[in-house]
**Student:** 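Mind looking over this structure? Questions follow.
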Amino acid sequence: MDYNFREIEKKWQKAWADNKTYKTEIDHSKPKFYVLDMFPYPSGAGLHVGHPLGYIASDIYARYKRLKGFNVLHPMGYDAYGLPAEQYAIQTGTHPAVTTGINIARYREQLDKIGFSYDWDREVRTSEPDYYKWTQWTFIKLFHSWYNKNNQKAEPIEALIAVFAESGNSDINAACSETAEFSAAEWLAMSEKQQQELLMNYRLAYLADTMVNWCPELGTVLANDEVSEGFSVRGGHPVERKTMKQWSLRITAYADRLLEGLDRIEWPESIKEIQRNWIGRSEGCSATFAIKNFDQNLEIFTTRADTMFGVTFMVLAPEHPFVEEITTTECREKVQAYQHWAKNRSERERMTEVKKISGEFTGAYAINPLNGEEIPIWVADYVLMGYGTGAIMAVPGHDTRDFAFARHFGLPIRQVVSRKGETPVDPSDWEDSYDSKEGVMINSGFITGLEVKEAITTTIRKIEEMGIGYGKVNFRLRDAIFSRQRYWGEPFPVYYKDGMPYTLSEDELPLELPEVDAYLPTESGEPPLARAKNWVTKEGYSLETNTMPGFAGSSGYYLRYMDPRNNAEYFSKEANEYWQNVDLYMGGAEHATGHLIYSRFWNKFLYDLGIAVKDEPFQKLINQGMIQGRSNYVYRITGTNKFVSYNLRKDYDTQSLHVDVNIVHNDILDINEFIKWQPQFAGSEFILEDDKYICGWEVEKMSKSKYNVQNPDDLIEKYGADTLRLYEMFLGPLEQSKPWDTNGIEGVFRFMRKLWRLFHDADNNFRVNDNPPTPEELKVLHKTIRKIQEDTERFSFNTSVSTFMICVNELAELKCNNRSILSELTVLISSYAPHIAEELWSLLGNKGSVTLATFPVYNDSYTAENTFKYPVSFNGKMRFLLELPLDIPVSEIEKAVLSAPESAKWLEGKAPKKMIVVPGKIVNVVI
RNA sequence: GCCCGAGUGGUGGAAUGGUAGACACGAAGGACUUAAAAUCCUUUGGCCAUCGCGGCCGUGCCGGUUCGAGUCCGGCCUCGGGUACCA
């Protein structure tokens, strides 16, 4: 074959590895650029064609930046802890490290075949002690830190202890769990255990009884982002709510900064929006309602202080501590039954039966502080204990949920907001509540007549004066649960003394994962690490048996890449000051509420410690779209072994079956292959159209069971890595989801061979001429340089590939085999198709790698034109083209257009009303 | 329900408010060949046409702004994605 990609690609992959072509060091003479891919979890299935999409795109960009003179950091590693390897260990007894090692080797082999420019000397694996030492180290730092809201910064816990001893906690403004006030004297009088318990309320990594998502099937708790609609994201097992003692990270302390930082980073709007919703900041106020015949006040949170005159009942969450105390004797039985029912109702039922309204009257009454009205207190599970105070003031006139509840139980509805210019009607005739914040207050005492927004601030001011409430901001974001009852994860550097947790000292790290006899919980239900022998410190204190969650290791890996072999520090100051943060981060949108928020938190914490120089880890983020599968179907006539071609299927009663896409070409079934494919199809008969069996198709998720999986290795074997790289880009815009369809790959392969032939004669001998390039050749080249540069910088790689095709077509047309033109083209294409570029570069007589070349400089003078073919429109409709010099004045253009022979027909003898002339663009004649 | 994103030929897609359909795939016809592969050439949005002049329609639908709208604005429809008793 003329273009021998197999030989070329093997040769250059070896050369790159042997010469460490992509090894990167700090180089202060060059500007830095950090291009990062989200590192993969190495699953047993290997890579399919969807995985490399983002890797190829970022590789093209990294290579482009090198040609542009940047010192590019482009590392790769593995998110090596994960459930599948552990599940496999439970089933087979194979240590997860073994499985993971095998899978990594397979991934590496596949990645190498695609020709990425990774600096493999910087590889990290989250499950290696050298790496997770720093995950543990960060945990220790979190444990010994608290968040000072006054300066919005994490600070050492020692400073807090000093303040406690000096003046107690009354002057402290911390992000903390609810803590009673105490004086310095009280603090000093406490036992160590009491002090430790108290400090736990302030630590950024803390142990507490928490309502968790417990997944019995996986035998572990899960973070909120690992649960979707009551099922685990990994594996789809049911999840229930349960109170357990768990490690948590006080990410809520950073809620405001996580929100604010979004405005300073270049991420897709959709991802920022998802994070904003996840953080869920809402401004409102807290207000306390007195309860009749009860000495404590009920605190609620509301964003609609303006509607306080419209409150007709109160609602408590079933778990609210007041329920028991305020419920009257007459109501006790029913309320307790309701609480019991609500408690045993699974999360899933609550999710799916959202519309089902339930609740019970407690018999107690609250007193509206603004108008003194007595209002009934109900208990209902549409109020959640986990948000706000677990209690609400219900305003059925202006809140959809309260409205539905009031209607269901026949509670009064009162209107207090009126749409402008509308006469209020009796709410009992309403079909919906009026939730909008547009309108004027009515029936509302001192705020009647005010606009809603004004009414809110006025009411808050009033309740602050009354001393019954204050303006308050609430967040939906919850602290991140950080313990897992699993084996395959980072051990906590924690031991227990007198029931209280203490951290190991930093010089005892890493605390290595111990061996166990089985990867299952113990009989008493303790996590697998409880099986480890001698799982105690030197002093004999028992070590923590939980392990860290999947997001622990991925939260700071981008920092470790800067200095991955450093044994004394997470990373050196020098490395961090040089590499700063990630300039371009490429990965999937599915990490929006997990990894991408945890890393931002992790990074901000390290920034507070003065360890990281940038507070945002990923300056620019691009989400590559998902590659969907394109499945093929055959149609079997029901109850027979006869298959009918796609367009004839309507005449029969058929059932559709998935067929392996690898035995279908352009939707035409390879019948011989089909018969051999599965034994059940051996004697099949076919009803054909035009002598062909046409298959149906559909876009679906790529999966084994749908027989639509395409594996990059097969395509590389057939077409080569360069073709695969170009084709994945050619498929469409990077950020869009798109079906994988190999039909178009032939066109890209044809292009590669055309490119090769530009450099070779008919007998495949390398041949270029050293003549000075012609103006036509220079024009084609420089047009291409400009477009490739533009497209690459805006990540429009699909149009870059088209541009290369156009360039090669035009150069072939010109019979160009000019050395200087082809040399520059080789450099241009080297970031897209690096193997062929290296080969051509060396055939052109260059000694070093093409990666050391410089990106060609665009020269305007080669593309400049003297004339332009104006599209001439009449009333906006393009009628003909007229070629005119570019340097004539507008008046000349007008004259030329009107005197053009074609114009007469459209002018119909009339004089134009107006003429629009955009020089070099268009002419429009208005009649 | 709410918040994003997208709707363009048979298919993937292109197009700073300025020639809609670049570049490919597929299809049809042809050249070369004993044949196949490979390669090359022609046609390819729809409709009309005295098919070598040309014309009309056309970017999900309805309006608007503009000399000019796939692109901007308003209102709908459909399909993806996210999220949900968050007070």
Side-chain angles (χ1 to χ4, degrees), chain A residues 1-2 228-229 268-278 280-282 284 300-304 307 315 350-351 353-357 380-384 386-395 398-402 404-405 435 474-478 589-590 592-593 623 625-626 628 630 666-668 697 699 727 730-733 735-748 750-751 753-754 757 762 796 798-806 809 869-881 905 912-918 920-927:
Chain A
M1 189 191 279
D2 39 10
S228 175
E229 298 186 353
E269 244 350 277
S270 60
I271 297 278
K272 290 196 200 178
E273 208 48 41
I274 290 171
Q275 291 211 345
R276 286 192 190 106
N277 290 339
W278 189 259
R281 183 179 199 274
S282 62
I300 57 102
F301 174 78
T302 181
T303 55
R304 293 296 299 272
T307 61
V315 184
R350 275 183 81 152
M351 296 278 189
E353 295 174 14
V354 160
K355 295 284 165 281
K356 198 171 158 187
I357 296 161
D381 72 351
Y382 82 91
V383 173
L384 305 177
Y387 184 78
T389 61
I392 62 156
M393 60 176 215
V395 185
H398 306 283
D399 181 281
T400 311
R401 295 150 305 178
D402 298 343
F405 193 82
D435 293 9
N474 245 324
F475 292 94
R476 202 185 80 103
L477 184 72
R478 302 275 75 111
E590 65 274 21
T593 53
N623 293 127
M626 242 192 10
Q628 295 143 318
R630 187 182 188 277
N666 294 328
D667 294 333
I668 298 165
W697 62 274
V699 173
Y727 185 60
F730 190 58
L731 227 42
E735 298 178 71
Q736 239 173 55
S737 286
K738 54 226 152 189
W740 179 260
D741 183 351
T742 41
N743 285 341
I745 200 168
E746 296 281 351
V748 174
R750 265 174 225 151
F751 158 76
R753 301 171 62 165
K754 259 190 212 169
R757 283 200 302 273
S796 177
N798 55 329
T799 52
S800 298
V801 177
S802 302
T803 303
F804 282 125
M805 286 175 172
I806 293 167
N809 286 346
K869 270 190 188 153
Y870 280 91
V872 179
S873 300
F874 288 79
N875 287 340
K877 286 195 179 172
M878 209 283 283
R879 294 305 178 181
F880 61 90
L881 293 172
K905 179 178 168 189
K913 273 194 199 134
K914 194 175 175 184
M915 274 187 87
I916 312 288
V917 177
V918 186
K921 273 273 157 73
I922 196 171
V923 177
N924 190 16
V925 185
V926 185
I927 313 165

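What's counted below: heavy atoms across the whole structure, side chains too, no hydrogens, waters or symmetry copies. Chain identifiers are assigned alphabetically (A, B, ...) following the order of the sequence lines, protein sequences preceding nucleic acid strands; residue numbering begins at 1 within each chain.
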**Student:** Not counting sequence neighbours, which residues clear side chain to side chain contact (heavy atoms under 4.5 Å, CB included) with A:D435? List them please.
**Tutor:**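 Scan of A:D435 (side chain to side chain contact (heavy atoms under 4.5 Å, CB included), adjacent residues dropped) gives A:T400, A:S433.
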
**Student:** Excluding sequence neighbours, so at least two apart, what forms ring-ring contact (aromatic ring centres under 6.0 Å, His included) with A:F730?
**Tutor:**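 Applying ring-ring contact (aromatic ring centres under 6.0 Å, His included) to A:F730 gives none.
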
**Student:** Rounded to the nearest angstrom, tell me the gap between atom CD in A:E273 and atom P in B:G81.
**Tutor:**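 So the two atoms are 19 Å apart, to the nearest Å.
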
**Student:** Taking atom P in both B:A37 and B:A31, compute the distance separating them and give it to the nearest angstrom.
**Tutor:**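 Looking at atom P only, B:A37 and B:A31 are 15 Å apart.
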
**Student:** Please tell me which of the listed nucleotides, B:C86, B:U83, B:A87, lies nearest to the side chain of A:R401?
**Tutor:**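 Minimum distance to the A:R401 side chain belongs to B:C86.
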
**Student:** Have a look at B:C51 and give me syn or anti from its glycosidic angle (syn if within 90° of zero).
**Tutor:**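 For B:C51, whose glycosidic angle is within 90° of 0, the conformation is syn.
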
**Student:** RNA chain B: stems of at least 3 consecutive Watson-Crick or G-U pairs, cut-off 3.5 Å?
**Tutor:**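 Correct response: B:1-7 with B:77-83, B:10-12 with B:23-25, B:26-31 with B:39-44, B:45-48 with B:54-57, B:60-64 with B:72-76.
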
**Student:** Could you measure between the two C1' atoms, the one in B:G9 and the one in B:G21, and give it in whole Å?
**Tutor:**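 Per the computed distance, 7 Å lies between those C1' atoms.
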
**Student:** Please encode protein proximity along nucleotides 13-26 of chain B as a string of B, S and -, counting only heavy-atom distances under 4.0 Å.
**Tutor:** SSSB-BB--BBSSS

**Student:** Is the base of B:G9 syn or anti, where syn means the angle lies within 90° of 0?
**Tutor:**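 Chi for B:G9 falls in the syn range.
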
**Student:** Rounded to whole Å, how long is the line connecting atom NZ of A:K913 with atom C1' of B:G68?
**Tutor:**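 One finds 15 Å between C1' of B:G68 and NZ of A:K913, rounded.
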
**Student:** Quick one: A:K272 NZ to B:G81 C1', roughly how many Å, whole number?
**Tutor:**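 Result: 19 Å.
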
**Student:** Please enumerate all residues that pass ring-ring contact (aromatic ring centres under 6.0 Å, His included) together with A:W740, with sequence neighbours excluded.
**Tutor:**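 So A:W740 forms a ring-ring contact (aromatic ring centres under 6.0 Å, His included) with A:Y727.
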
**Student:** Side-chain N or O of A:R476 versus OP1/OP2 of B:A87: is the shortest distance under 4.0 Å?
**Tutor:**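 So the side-chain polar atoms of A:R476 never come under 4.0 Å of the phosphate oxygens OP1 or OP2 of B:A87.
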
**Student:** Select base, sugar-phosphate, or nothing to describe what A:R478 touches, counting heavy atoms under 4.0 Å on all strands.
**Tutor:**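 No contact.
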
**Student:** If we take the P atom in both B:C72 and B:U19, what is their distance in whole Å?
**Tutor:**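 Per the computed distance, 16 Å lies between those P atoms.
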
**Student:** Return yes if some donor-acceptor pair links the side-chain N/O of A:N875 with the main-chain N/O of A:I927 below 3.5 Å, else return no.
**Tutor:**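 Confirmed, A:N875 side chain pairs with A:I927 backbone.
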
**Student:** What residues form a side chain to side chain donor-acceptor pair (under 3.5 Å) with A:T302, not counting sequence neighbours?
**Tutor:**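 For A:T302 there are no side chain to side chain donor-acceptor pair (under 3.5 Å) partners, ignoring immediate neighbours.
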
**Student:** In chain order, what residues pass the ring-ring contact (aromatic ring centres under 6.0 Å, His included) check against A:F405, with sequence neighbours excluded?
**Tutor:**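 Listed in chain order: A:F313, A:W378, A:Y382, A:F409.
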
**Student:** What residues form a side chain to side chain contact (heavy atoms under 4.5 Å, CB included) with A:S796, not counting sequence neighbours?
**Tutor:**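 A:D791, A:R794, A:N798, A:T799.
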
**Student:** Taking all atoms of both residues into account, what is the closest heavy-atom pair of A:V395 and A:D402, and its distance?
**Tutor:**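 Heavy-atom minimum between the residues: N-OD2, 2.9 Å.
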
**Student:** Considering only side-chain heavy atoms of A:K905, which listed nucleotide, B:A87, B:C56, B:G55, is closest?
**Tutor:**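 Nearest to the side-chain atoms of A:K905, counting from C-beta on, is B:G55.
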
**Student:** Return the CG to CZ distance between A:N277 and A:R476, rounded to the nearest 0.5 Å.
**Tutor:**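 That separation rounds to 7.5 Å.
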
**Student:** I'd like to know if the side chain of A:N924 reaches the main chain of A:G876, judged simply by a donor and an acceptor atom lying under 3.5 Å from each other, with no hydrogens or angles considered.
**Tutor:**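 Yes; judged by distance alone, with no hydrogens or angles, the pair exists.
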
**Student:** For nucleotides B:C53 and B:C67, find the distance between their P atoms and express it as a whole number of Å.
**Tutor:**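 Between the two P atoms, the distance is 35 Å.
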
**Student:** Nearest whole angstrom, please: distance from the P of B:C40 to the CG of A:D2.
**Tutor:**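 In whole Å, B:C40 P and A:D2 CG are 11 Å from each other.
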
**Student:** If you measure from the P atom in B:C76 to the same atom in B:G1, how many Å do you get, rounded?
**Tutor:**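 So the two P atoms sit 12 Å from each other.
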
**Student:** Tell me if a side-chain donor or acceptor on A:Y870 pairs with a main-chain N or O of A:G920 at a distance below 3.5 Å.
**Tutor:**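 Checking the backbone N and O of A:G920 against the side chain of A:Y870, a donor-acceptor pair under 3.5 Å is found.
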
**Student:** On a whole-Å scale, what distance lies between the P atoms belonging to B:U71 and B:A6?
**Tutor:**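 The same atom, P, in both gives a distance of 13 Å.
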
**Student:** Starting from C1' on B:C86, measure out to CZ on A:R304 and report it in whole angstrom.
**Tutor:**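 So the two atoms are 15 Å apart, to the nearest Å.
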
**Student:** Give me the distance, rounded to whole Å, that separates B:G10 from B:G75 when you measure between the C1' atoms they each carry.
**Tutor:**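 After rounding to an integer number of Å, I get 33 Å for this pair.
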
**Student:** Residues in side chain to side chain contact (heavy atoms under 4.5 Å, CB included) with A:K914, at least two apart?
**Tutor:**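 A:I916, A:V926.
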
**Student:** Quantified in whole Å, what is the C1' atom distance between nucleotide B:G64 and nucleotide B:G17?
**Tutor:**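 Straight-line distance between the two C1' atoms is 15 Å.
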
**Student:** What residues, two or more places apart in sequence or in another chain, satisfy side chain to side chain donor-acceptor pair (under 3.5 Å) together with A:R478?
**Tutor:**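 With sequence neighbours excluded, A:R478 shows a side chain to side chain donor-acceptor pair (under 3.5 Å) to no residue whatsoever.
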
**Student:** Just the rounded figure in Å: distance from P of B:C40 to CZ of A:F751.
**Tutor:**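 After rounding, the reported distance stands at 13 Å.
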
**Student:** Between A:S270 and A:D399, who's closer to the 5' end of RNA chain B by nearest nucleotide?
**Tutor:**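 Comparing both residues, the 5'-ward one is A:S270.
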
**Student:** Could you write out each protein N or O paired with an N or O of nucleotides 43-45 of chain B at a distance under 3.5 Å?
**Tutor:**
none

**Student:** Would you classify A:I392 as touching base, sugar-phosphate or nothing, given that sugar-phosphate means primed atoms plus P, OP1 and OP2, and contacts are heavy atoms under 4.0 Å?
**Tutor:**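 Contact class for A:I392: base.
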
**Student:** Less than 4.0 angstrom between a side-chain N/O of A:R276 and OP1 or OP2 of B:C2, yes or no?
**Tutor:**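 No, no such contact exists.
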
**Student:** Provide, to the nearest angstrom, the distance between the CD atom belonging to A:E735 and the C1' atom belonging to B:G81.
**Tutor:**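 Result: 14 Å.
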
**Student:** Starting from the 5' end of RNA chain B, give me the residue, A:K877 or A:E269, whose nearest nucleotide shows up first.
**Tutor:**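 This one resolves to A:E269.
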
**Student:** I'd like to check the side chain to side chain contact (heavy atoms under 4.5 Å, CB included) partners of A:R757; sequence neighbours left out, ordered by chain and number.
**Tutor:**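 A:R757 satisfies side chain to side chain contact (heavy atoms under 4.5 Å, CB included) with A:D2, A:R753, A:K754 once adjacent residues are dropped.
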
**Student:** Starting at atom CZ of A:F405, determine the distance to atom P of B:C85, rounded to an integer number of angstrom.
**Tutor:**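 It works out to 17 Å between those atoms.
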
